[in-house]
Amino acid sequence: MTAQQSSDQKKLQLTLKQKISILLSFSKDKVVEQIQCVWFIILYLIVFQVLVLGLPIVYSLMIAVGIMIVIVGLAFFMEGLRLGLMPLGETLGSTLPRKKIFGIPCLPASLAFGFVLGAFATFAEPAIGVLRAAGSGVDPTAAPLLWTILNTGAGMLVNCVGVGVGIAVLLGVLRFYKGWSLKPFIYVGVIVLSCITLYMQFSDDRLRHVLGLAWDCGAVTTGPVTVPLVLALGIGVCRIVSTGGSSNTGFGVVTLASLFPILAVMCYALYLFNGDNYYMAKLSKAEWHLNAGDYGKNYPKDYQKFGDIVAAERMAATGAVDEDALFWSLSQDERKNVDKYLQEYKKLPEGYTIKTRITDGKIVPSFLSSDNEVSRENVEVQGAKAYVVREGFKAPDGVWDEGSDIATAFTNNFDFFPNTFKPQEDKNGNGILDPGEDFYGFNQDGSVNYNEKNGKLDGPDQDRGALEGAIWAIVPLCSILLLVLMGGLRQKPKYLDELFIGIGCAVIGMCLFNLGIALGLTPLGEQLGGNVVSSFTSIQPWQSEGFVDPLFKSSTAGKCLAILFGFILGYGATLAEPALNALGSTVEKITVGAFKKNLLMQAVATGVACGIATGVAKIAFNLELWYLLIPPYAFLLVLTFFSSEDFVNFGWDSAGVTTGPITVPLVLAMGLGIGAKTGAIDGFGVLSLASVGPIITVLTVGLLVRKKPKVDDATELEMEKA
Amino acid sequence: MTDLVKSSGVSLLNLILPKESVVRVSNAVSKAGAKGVFQISARGSVLNEGGFLQRMFPPPAPEQLLLQALVPDDIINQVTEAAIKSGNLDKVGSGAVFSMSCNDAQVSKSFPTNISSDANNSEDNQSAASLEAICCICEKGIADDIAKAALQSGAPGPTVTFGEGGGVRDKIPMLRITKGPEKEFVWCVVDKSEADDVFSNMARAGRITEPGRGFMYSIPVHSGLINVSSTVSSSTHGANMEQVISALDDLKGGKDWRAMPDLSKSKSLKSTFLNDLVGLYCIVPRDHYDEVYDSILETGAPGVSTNFGVMIDAESADTEQQQNEEWALVYTSVGPDSVESLRDTVSKKISSLGIAQFAFYTLPIPKALTYLGG
């Protein structure tokens with residue numbers, strides 16, 4: 001008798017216990033998967049701070065909770081991508097070339113759709129907040145054009161970047177339809193950008209400072225929601241349009257979306273520069289200012305006033321309290337206690353020590369025996385002073401930062417467009433947005449005038465709560481896609497309920513992810529970024545009182561330690577990035593498993609590590625960006641020429657996905673911390689260098705593993721004739 | 001009910017080709033008379049020699065394409081010859097061609113094919129099937145272990161394709177999100193003498209007899225030339241595996257040496273096989289595959305799987321650029337008595353949806369293995 005498989009037609013009825021056990025084991029798998037990505041970087045950061053730098057982790061409980069929330073958020077988000085966003089993108093991509101939308105023929109409709117998608121994605125995930133944070137220390141008297149772009153011109157900056165990304169996606173979609181190779185785009189793009197970079201570098205100092213911002217803009221634009229959507233769209237389109245034999249693999253849009261914003265920012269900077277429409281730094285003592293002449297004529301008066309206020313504040317800050325004075329000072333109570341103890345016991349109490357400060361370089365001998373000049377001498381230093389100082393430093397006791405407010409971090413009362421500073425709102429002219437200043441002002445007669453919130457996005461913001469950020473990033477994009485798919489193309493996706501579950505998971509995931517980053521990764525990154533500077537100079541550790549000495553006597557050795565730190569940081573943080581995970585899975589899927597996800601991720605992580613190490617070196621030793629950036633790009637052009645098309649596609653795309661929400665806070669804090677001590681103007685440049693590295697590594701790996709098929713020329717001819 | 005062209009003298013021609021020779025071979029094959037060539041992306045196998053660097057940077061597997069076409073028996077030989085010549089398939093590492101004899105095939109009038117409906121075309125060209133094709137449908141991620149087991153048992157590089165499948169999964173409402181439909185299909189074609197061994201090793205590696213691990217079956221192949229490449233990624237070897245094996249073939253004067261029993265390995269699997277099943281395959285346009293899928297499940301088949309691919313000589317007439325038409329190959333295996341009723345139900349469903357182009361064919365499955373409940 002033959003065995004039979006059970007064929008039960010009815011739907012399986014599962015008991016509640018069975019359902020829960022299925023859900024639990026599934027969730028456990030997903031969470032464990034994310035822990036595998038994230039454990040390395042967290043462990044590394046903690047070990048580095050505690051063991052190498054010898055400083056305790058401040059607010060450890062908050063950070064631990066934040067990290068757990070990040071892991072859960074990542075699990076939800078990746079699941080949401082898999083269930084909802086990527087199938088949606090792929091279905092749309094595979095339907096778009098085949099059906100007409102509202103009667104418009106396929107190609108123009110797809111191009112228009114691509115443009116709208118690209119532009120909207122930039123507004124949905126404004127990573128410009130990141131750049132504003134990087135440029136928060138920019139001095140308007142030292143780099144007026146840069147300061148203008150980052151502060152008062154920020155709204156226009158986002159628009160430019162949005163248009164740039166829109167054009168990039170449009171070109172990417174066109175490329176799929178026409179079957180063009182990616183290489184010509186890369187050659188043209190990189191050469192144009194390099195030429196403009198060299199022009200800006202050598203023509204004027206004011207333009208030179210914008211280069212870091214421009215190149216970093218390209219690196220941060222495509223975020224963890226845009227990339228998977230764009231990838232899925234590309235794959236869908238290429239399923240339909242690619243004809244047999246050619247390796248049109250659906251990638252390449254992310255590359256273009258990383259190159260075009262750089263061009264857009266450079267054009268914007270040149271436009272402002274030529275139009276004299278930026279802050280006139282009257283108080284500047286920089287060298288370029290002597291040759292600058294009259295500029296800033298077309299800059300709005302309000303903005304100029306705002307700039308003057310900020311410049312005045314910066315000048316006041318530089319002449320401020322000498323840190324050394326802080327170093328040596330005790331409070332009055334402390335002095336009284338030390339005094340009492342000293343009188344009683346003739347030695348200093350626990351935790352206090354004597355430090356000597358030498359201000360003059362002469363020694364004064366006093367002979368022990370006054371009549372014999374060759375006897376031994378006591379030697380005193382002329383300008384030496386001895387201070388009683390507190391030993392070590394005092395870190396905050398609490399494990400949770402009382403200043404942090406989880407509720408506001410989570411949701412800002414559904415305020416999707418919280419106001420960032422607009423100078424016209426600074427009613428009392430003190431340069432800060434006082435509470436309530438955006439809500440009301442005073443009329444001529446002194447009565448209160450309540451502004452209505454117009455809800456327009458006037459500038460990039462980083463103050464949205466986690467929930468609003470998640471909703472704003474995902475829901476509008478998905479609505480547009482669904483609208484086009486179901487309304488315009490009249491194609492119903494296969495499992496609509498899975499799609500909505502997926503989108504819901506993605507929103508929840510992103511919300512938890514943002515919250516966890518605000519609670520956990522940002523404080524951790526700031527701590528480490530600030531504290532790593534202690535490897536080469538003495539600093540006040542983060543949120544602590546007191547000072548620590550540098551780890552190494554030689555500042556170069558200390559900076560090398562910082563570079564090593566950056567290297568491993570880049571490696572670990574990249575492995576945790578969700579967008580890179582999505583890229584790896586997509587590559588694996590599209591090559592039917594021929595290229596494993598692991599290959600791409602390891603190669604990219606190594607590349608980013610090298611890039612970040614170079615970036616740290618740039619800030620630590622105050623090197624110029626252009627000669628760290630242009631030679632690698634030139635080398636890349638050569639590599640691209642020799643590489644096969646599919647590796648060129650993956651490799652250049654991997655640059656666009658790397659610097660994401662996990663890497664950026666860590667790297668930025670480190671950049672700012674080191675930059676403040678070495679006198680760098682801003683913290684830019686690290687992110688763009690971190691984008692060049694992975695392309696080089698992936699293309700190199702591609703060249704190494706590629707084996708040509710063993711066919712010699714004679715048989716090749718035979719086969720052609722057959 | 002729409003008119004169907006029925007024939008029982010049809011074979012399914014399979015070609016496994018590396019990417020470089022696809023265009024050439026498919027042109028040659030179409031010229032020789034095969035139409036409706038269905039193309040599925042696949043990958044070959046790579047034997048990883050371990051080592052830290054290999055695990056960090058796993059080398060990519062060779063990319064291949066699996067082509068299938070329904071070809072009437074009278075021209076199958078010339079089509080095979082054309083394929084061999086144009087793709088140089090007698091050279092080691094160049095690909096494979098093999099054909100399986102279908103029980104019968106039914107195609108709709110507008111399906112691109114040249115099968116003619118003659119009742120007595122089934123002259124017995126049953127040259128004893130000397131090869132066997134083993135196919136294993138498994139969860140995504142397990143295929144590499146199964147392919148490795150097959151390679152180590154001596155099968156020429158298994159080809160792996162992606163697809164979707166379900167059975168139990170679709171019966172669970174809502175919670176089916178916990179298990180994705182993605183499946184991997186591992187194909188290899190081996191000599192009949194070693195088929196049992198390879199089958200058992202693959203089943204053991206994939207733990208197919210455990211619930212939810214997959215489904216394995218074998219189909220007799222009546223002629224074929226198997227020269228797929230399998231990459232051995234270790235620089236310490238001077239020659240790769242197929243060169244070694246073909247050198248041994250030459251030395252030993254044939255392939256009989258491969259059948260010599262290896263007493264050190266344990267033998268066949270002690271489990272119950274499902275015998276004498278029939279595989280029902282249905283080719284429909286991709287847009288409609290979910291309706292076919294659902295209707296098969298509704299009639300009570302225990303499992304369904306799908307492969308997606310394109311047809312390269314079917315061009316849509318109203319666009320100026322050539323676009324790929326996407327098709328789906330839906331497959332299920334049932335007992336021989338249920339085939340007719342299943343096929344009728346599905347074709348009724350198809351015609352009720354107004355789909356003009358579709359095809360059915362059936363292949364004999366003498367042996368299958370899966371979790372059997374209890």
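Atoms considered below: every heavy atom in the structure, side chains included; atoms not considered: hydrogens, waters and symmetry mates.
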Tell me, please, which residues at least two apart from A:Tyr571 pass ring-ring contact (aromatic ring centres under 6.0 Å, His included). A:Phe40

Select one option (side chain, backbone, both, neither) describing which atoms of A:Glu588 are under 4.5 Å from chain B's heavy atoms.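 Answer is backbone: N, CA, C or O of A:Glu588 sit under 4.5 Å from chain B.
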
When only pairs under 4.5 Å are counted, which of A:Leu599, A:Asp29, A:Leu600 shares the most heavy-atom pairs with chain B? A:Leu599

So which of A:Ser27, A:Ser94, A:Ala594 has the biggest tally of heavy-atom pairs under 4.5 Å with chain B? A:Ala594

Quiz item: cation-pi between B:Lys140 and B:Phe162, 6.0 Å / 45°: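 Checked: cation-pi criterion met.
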
Pairs satisfying salt bridge (charged side-chain N to carboxylate O under 4.0 Å, His left out), at least one member in residues 591-607 of chain A, at least two apart: A:Lys596-B:Asp144

Ignoring hydrogens and angles, state whether a donor on the side chain of B:Glu164 or B:Tyr289 is under 3.5 Å from an acceptor on the partner side chain. yes

